[in-house]
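Throughout, a chain's letter reflects where its sequence line sits, starting with A, and its residues are numbered from 1.
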Number of protein chains: 2
Amino acid sequence: MAPRTLDDDDLLDRLTGVFRSAGYEGASLSDLSAATGLQRSSLYHRFPGGKAQMAAEVVRRVGNAVMDVAFAPLEHAHPTVAEVQAVGRSLSTFYADGAISCLLDTMSLRDHASTAAGGTVDGAVDNELADALAAATQRWIQAFAGVASAAGADQGEARARAEDAIAAIEGALVLRRLTGDGAAFARAIARLPTALMGDTRSTKRSRRN
Amino acid sequence: MAPRTLDDDDLLDRLTGVFRSAGYEGASLSDLSAATGLQRSSLYHRFPGGKAQMAAEVVRRVGNAVMDVAFAPLEHAHPTVAEVQAVGRSLSTFYADGAISCLLDTMSLRDHASTAAGGTVDGAVDNELADALAAATQRWIQAFAGVASAAGADQGEARARAEDAIAAIEGALVLRRLTGDGAAFARAIARLPTALMGDTRSTKRSRRN
DNA sequence: GTCTATACGACGATAGAC
DNA sequence: GTCTATCGTCGTATAGAC
């Protein structure tokens, strides 16, 4: 019912939703077509590289969006606990309180193919996705590690805290898929300030850790 | 070159390897056939329910194996720190120091299909997989929660500690897929005793937490 | 820039010989 | 209990009309 164009941002948003819940292999062109309202061939007009290109662009775009919305507040010298809590709220919104999976998880499977014979042309496209995932992960780690560093952790410890905090969130999202219970995700978010900055005891929370 | 039978345990082991690295959608019958040395039709002879049945049996079998090997030592009244550390070592082996993904993660995606029209027959098979995943998850949570309870945590806190410890492990496995670095996984395993039992300070480790 | 139509291989699944 | 051969469907990807 809409014979005219669809906005580029809207288009990628729709694609993102499919990849987030189905993963790379699970997201068929029919799914992507249905979600966007565009026919398969129209998708190929915008993404000549096919599904692999769609996936890579989705990952890059989401990575940028998350950096802007959630982590930009952290990029000055000394983030406060309140600012880290705000990042937690942004992440809660982004993941719909844990109900939506993370692209880093759902897109990081696959790829026993394409490594077989000599370098095919689309091998580069496949690596594009892997590179986008790795880049987004590193940016996330560095954003969190920056917070830990500002709180006084040395470089190695800062990176460890960042990785552990991310792992807690990613693992909670997996758990949520399995149990339907978002409590673990909520705890991982609530723990974010102390996980990164150590025990600042500026809030009333004590618990283990 | 082996026209005769393949042992049932071996067969499921081979299938497990494919599902672990490729996920449900990513594991094709060709992959499963190649990994087992059996033709597609032979696989159907053993698993009339097809891929869904293979997946469900794999999940159930792995769930049982993990319970036996790793968690059985915990099923008496008061597990010791050393015993929990031993569980960590078993898990490290099971996950090849983080290099192998967890079935709970890789198999818990998918399934926008089969819910469409009226109840088809194979809808039950699909739920079989989801049920197997949920059951394995609950058994894991309860095994860990038992440790926390024995260490003095009340019921809610025990379950929270168990879920958080599992999330830390699952998230570290995701991170390892993304970065190729197993350090986060090693830390999640090392933290297991204190994560479940609180700060027993019986080892020299202090750190945050 | 979107559509209809179609190519063609891989997919899950089945039939029937041995 | 395994095989070869094949089914119909859906997968990704293209060609060409509008």
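We find that CG of A:L6 is positioned 12 Å from C1' of C:dG1, with the value rounded to whole Å. Put simply, CG on B:L43 is 15 Å from C1' on D:dT4, counting in whole angstrom units. If you measure from atom NE2 of A:H45 to atom C1' of D:dC18, you get 14 Å, rounded to the nearest angstrom. Distance, A:Y24 OH to D:dG11 C1': 12 Å, rounded to whole Å. In this entry the distance linking CD of A:Q53 with P of D:dA13 reads 11 Å, nearest Å. Rounded to a whole Å, the CD atom of B:E25 is 11 Å from the P atom of D:dT12. Rounded to whole angstrom, the span from the CE atom of B:M54 across to the C1' atom of C:dC11 amounts to 13 Å. The distance between atom NZ of A:K51 and atom C1' of C:dC11, rounded to the nearest whole Å, is 13 Å.
Position along DNA chain D of the nearest nucleotide to A:S30 versus A:P48 favours A:S30 as the more 5'-ward residue.
The nearest pair of heavy atoms linking A:F94 to A:R20 is O-NH2, 3.1 Å. Scanning both residues, A:L6 and A:T36, for their nearest heavy atoms gives CD2-O, 3.7 Å. Considering all non-hydrogen atoms of both residues, B:A70 and B:P73 come closest at O-CD, 3.4 Å.
The listed nucleotides are C:dG12, D:dT14, C:dC3; the one nearest the side chain of A:Y44 is D:dT14. Counting only heavy atoms from C-beta on, B:L29 has its side chain closest to C:dG12 among C:dG12, D:dT12, D:dC3.
For the residue pair A:R159/A:S149, the side-chain donor-acceptor check at 3.5 Å is not satisfied.
Nucleic acid contact class of A:R46 (heavy atoms, under 4.0 Å, all strands): sugar-phosphate only.
Pairs engaging residues 76-105 of chain A under the salt bridge (charged side-chain N to carboxylate O under 4.0 Å, His left out) rule: A:D105-A:R177, A:D105-B:R177 [sequence neighbours left out].
The side chain of A:S42 contributes no N or O atom lying less than 4.0 Å from OP1 or OP2 of C:dG1.
If you check distances only, the side chain of A:S41 does reach the base of C:dC3 with a donor-acceptor pair under 3.5 Å.
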